[in-house]
Amino acid sequence: MKEENNEKGGIRFLRWPWNIVIYLLLIVVLRIFAIPIILILMRVQQKNNPHGIAEGYCLSRTRKRLSWLIWSLLAFFIGVCLGVFFYVEMQQDKSYWEYMDYIKFGIAGGGAVLLFIAGIYLAFVAVRDTFFPAKSGLAQSIRNQLPFPDGAPPVDELFAMVDNDLKENGHWFGPVGIGKEWVLGESANRIERIRGIFTIDEIHQHNTQTGTRTSRTLQLALIDDRWKKAVTDFRDPGDLKAAADFLSLRVPDAARGKNGQCSTFWTMDEMKREAFEREFRHKRNLREADLAWKESADNISQEVILRQTDGSMTSRVTLSLVREQLKHCSTDGGLFFTLTLSHPMEKDGRIYRAMNCFGGQAEGSQTKGNMVLLTIDFTDSKRNANLTMAQSMDARKAESVLEKWLNQQLPDWKGWIPSQKAISSNRKGLEEMC
């Protein structure tokens with residue numbers, strides 16, 4: 001319900017591109033005094049549409065770069081002020097200057113140049129990411145993590161991969177969304193490629209003329225298998241910890257640490273990186289193998305016994321084992337197997353006991369290709385007779401029927417015939433074996 005309200009709010013309040021038009025008009029009319037108003041409007045828009053639900057998470061994230069244009073203007077404004085101060089000081093008589101006057105003069109000149117460069121960079125990134133999302137840093141971060149970056153799809157499909165994952169599986173922790181395959185922060189990270197998860201929570205103190213000022217840095221740093229670092233700023237330490245804990249469940253073998261441990265891990269030499277990667281893959285393979293074994297054990301049918309052509313039997317019947325037997329039968333007409341229920345299934349006055357699979361076709365069948373013959377043995381209590389239903393079919397359809405039988409479900413009887421004549425000569429061998 002909260003997400004639905006957010007989406008509706010995002011539709012009603014300053015949807016793209018009308019928010020840009022409003023911001024530009026405010027700048028034209030109010031100039032530098034428009035900055036606080038624009039920041040307030042952007043904050044209200046963020047509150048109504050916190051994660052870009054209405055237009056897509058990734059596209060919304062790139063368009064937020066437009067706020068950098070405001071900081072670019074501020075950098076230009078301060079740079080101009082320092083430039084004017086530098087020019088005025090250039091005209092002064094320097095014969096009476098002291099050491100501090102030269103320091104202020106140098107700081108003004110250097111600061112003006114640096115602020116102009118920063119302003120140009122911020123304006124460039126803001127325009128690029130906002131109006132050309134295909135060239136944005138976010139799109140490039142997704143593209144670089146694909147198996148073949150040069151053959152990556154268009155930006156709409158790139159963003160859709162992340163958006164769909166977050167819509168279906170997303171959990172949000174402040175500015176970071178974590179799905180099943182992707183993490184979206186300042187950039188996008190593919191979860192399977194993450195090797196390090198670090199939280200940075202540092203308090204900095206600065207001594208000024210008026211006293212000591214304190215600031216706090218809250219960041220989530222992710223390091224992938226290319227040893228690229230992606231950093232996202234947080235405001236709430238609770239969100240930061242929750243995001244790191246949740247992501248650790250997604251990648252349990254990734255290195256976990258805080259503060260300085262991030263730099264130590266990131267700056268490891270090549271040999272240590274290779275050793276870590278080998279250990280990481282080894283642990284992941286062991287976990288996947290253990291999970292596969294557990295899933296296989298869960299899928300073992302304890303209600304079915306499989307008998308093969310050579311007379312061997314097993315009660316550890318899995319779908320994969322049945323598929324293997326079916327493959328052999330579909331390519332060799334002399335093979336067969338049977339699946340017998342430990343507890344016969346009773347339905348509509350019939351007691352179903354076993355399903356048999358023979359290689360080859362029913363007599364008189366006109367169908368070409370790899371075929372098998374399935375038969376079901378049952379007892380009709382009304383007629384007090386043991387009967388058989390049979391049908392010749394391709395291996396794909398046979399697999400579906402056999403899977404239902406493992407789950408103690410009967411097939412659709414359309415096309416099945418109650419006839420002993422449909423069974424191939426291999427039937428005799430099966431009856432002798434049983």
Side-chain angles (χ1 to χ4, degrees), residues 3 6 42-43 45-47 49-53 55-68 71 122 125-126 128-130 133-146 155 158-202 216-251 254-259 261-263 265-266:
E3 184 171 330
N6 285 336
M42 292 177 68
R43 179 60 181 168
Q45 185 190 35
Q46 168 68 11
K47 185 177 180 180
N49 190 26
H51 302 301
I53 298 171
E55 58 188 0
Y57 302 113
C58 292
L59 191 59
S60 176
R61 192 62 56 97
T62 60
R63 286 172 176 170
K64 287 178 181 178
R65 293 291 192 193
L66 189 67
S67 62
W68 286 23
W71 298 112
L122 292 173
V125 173
R128 182 197 66 186
D129 286 14
T130 303
K135 300 181 180 297
S136 65
L138 178 57
Q140 192 61 37
S141 70
I142 301 173
R143 195 179 290 118
N144 288 340
Q145 295 177 80
L146 298 180
V155 66
L158 284 177
F159 285 173
M161 288 191 300
V162 181
D163 288 343
N164 293 337
D165 183 36
L166 291 176
K167 287 178 182 177
E168 295 175 5
N169 312 292
H171 297 267
W172 288 92
F173 305 91
V176 169
I178 302 176
K180 188 176 181 180
E181 298 180 359
W182 292 92
V183 178
L184 179 62
E186 288 298 317
S187 59
N189 287 84
R190 197 174 182 88
I191 290 179
E192 66 178 13
R193 304 189 68 163
I194 292 176
R195 297 296 183 266
I197 304 170
F198 296 92
T199 57
I200 299 173
D201 185 354
E202 297 176 333
R216 188 176 186 180
T217 300
L218 294 171
Q219 294 177 328
L220 176 66
L222 303 178
I223 300 174
D224 61 19
D225 57 354
R226 304 165 299 163
W227 242 250
K228 301 292 184 180
K229 182 166 68 171
V231 178
T232 302
D233 292 318
F234 278 74
R235 295 182 178 178
D236 186 347
D239 286 339
L240 174 61
K241 185 179 184 303
D245 291 342
F246 187 84
L247 192 53
S248 292
L249 297 177
R250 289 276 196 262
V251 197
R256 180 75 188 272
K258 59 187 302 184
N259 298 339
Q261 293 174 334
C262 177
S263 297
F265 182 81
W266 190 38

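Throughout, numbering of the chain's residues begins at 1 and tracks the sequence. Keep in mind that what you see is a predicted model, and the values were worked out from it rather than measured.
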- Query: Hey, mind stepping through W68 and T130 against side-chain contact (heavy atoms from CB on, under 4.5 Å) and telling me if it holds?
  - Reply: CA-CA 10 Å; W68 286 23; T130 303; over 6 Å; no

Can you measure from [atom1] ([X]) to [atom2] ([Y]) and round to the nearest 0.5 angstrom?
X: I191; Y: D165; atom1: CD1; atom2: CG; result: 6.5 Å
X: F246; Y: I178; atom1: CZ; atom2: CD1; result: 6.0 Å
X: S141; Y: K228; atom1: OG; atom2: NZ; result: 12.5 Å
X: Q140; Y: L158; atom1: CD; atom2: CG; result: 9.5 Å
X: Q261; Y: I200; atom1: CD; atom2: CD1; result: 11.0 Å
X: R250; Y: E181; atom1: CZ; atom2: CD; result: 10.0 Å

Contact between [X] and [Y] at the side-chain level, heavy atoms closer than 4.5 Å - yes or no?
X: D245; Y: R256; answer: yes
X: L138; Y: L184; answer: yes
X: Q219; Y: C262; answer: no
X: I197; Y: L222; answer: yes
X: F159; Y: S136; answer: yes
X: K229; Y: F265; answer: no
X: M161; Y: L146; answer: yes

- Message: By the definition side chain to side chain contact (heavy atoms under 4.5 Å, CB included), identify the one residue from K64, R65, R61, R63 that meets it with D129.
- Response: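 Testing each of K64, R65, R61, R63 against D129, the sole residue satisfying side chain to side chain contact (heavy atoms under 4.5 Å, CB included) is R65.
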
List the atom of [X], the atom of [Y], and the distance in Å for their closest heavy-atom pair.
X: N189; Y: A230; answer: OD1-CB, 3.4 Å
X: F234; Y: T232; answer: CD1-O, 3.6 Å
X: A134; Y: A139; answer: O-CB, 3.8 Å
X: C58; Y: I142; answer: SG-CD1, 4.4 Å

- Query: Would the Y57 and W172 ring centres measure less than 6.0 Å apart?
  - Reply: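 When the ring centroids of Y57 and W172 are compared, they turn out to be within the sub-6.0 Å range.
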
- Item | Under 3.5 Å side-chain donor-acceptor pair for E168 and N164 |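 Distance-only check fails for E168 and N164.
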
I'd like to know if the side chain of [X] and the backbone of [Y] have a donor-acceptor N/O pair within less than 3.5 Å.
X: D201; Y: N259; answer: no
X: D225; Y: R195; answer: no
X: T199; Y: K258; answer: no
X: S60; Y: G56; answer: no
X: R143; Y: V155; answer: no

- Message: Does atom NZ (K241) have a neighbourhood of more than 12 heavy atoms from anything else shown, all under 6.0 Å?
- Response: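 No, NZ of K241 has 12 or fewer neighbouring heavy atoms, counting only those of other groups under 6.0 Å.
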
- Query: Counting only heavy atoms not in W71, do more than 12 fall under 6.0 Å of its CH2?
  - Reply: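 Open.
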
- Query: Sequence neighbours excluded, which residues qualify as salt bridge (charged side-chain N to carboxylate O under 4.0 Å, His left out) partners of R226?
  - Reply: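 For R226 the salt bridge (charged side-chain N to carboxylate O under 4.0 Å, His left out) partners, ignoring immediate neighbours, are D224.
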
- Query: How far apart are the C-alpha atoms of K167 and D163, what are their side-chain angles, what is the distance that settles it, and do they pass the salt bridge (charged side-chain N to carboxylate O under 4.0 Å, His left out) test?
  - Reply: CA-CA 6 Å; K167 287 178 182 177; D163 288 343; 5.7 Å; no

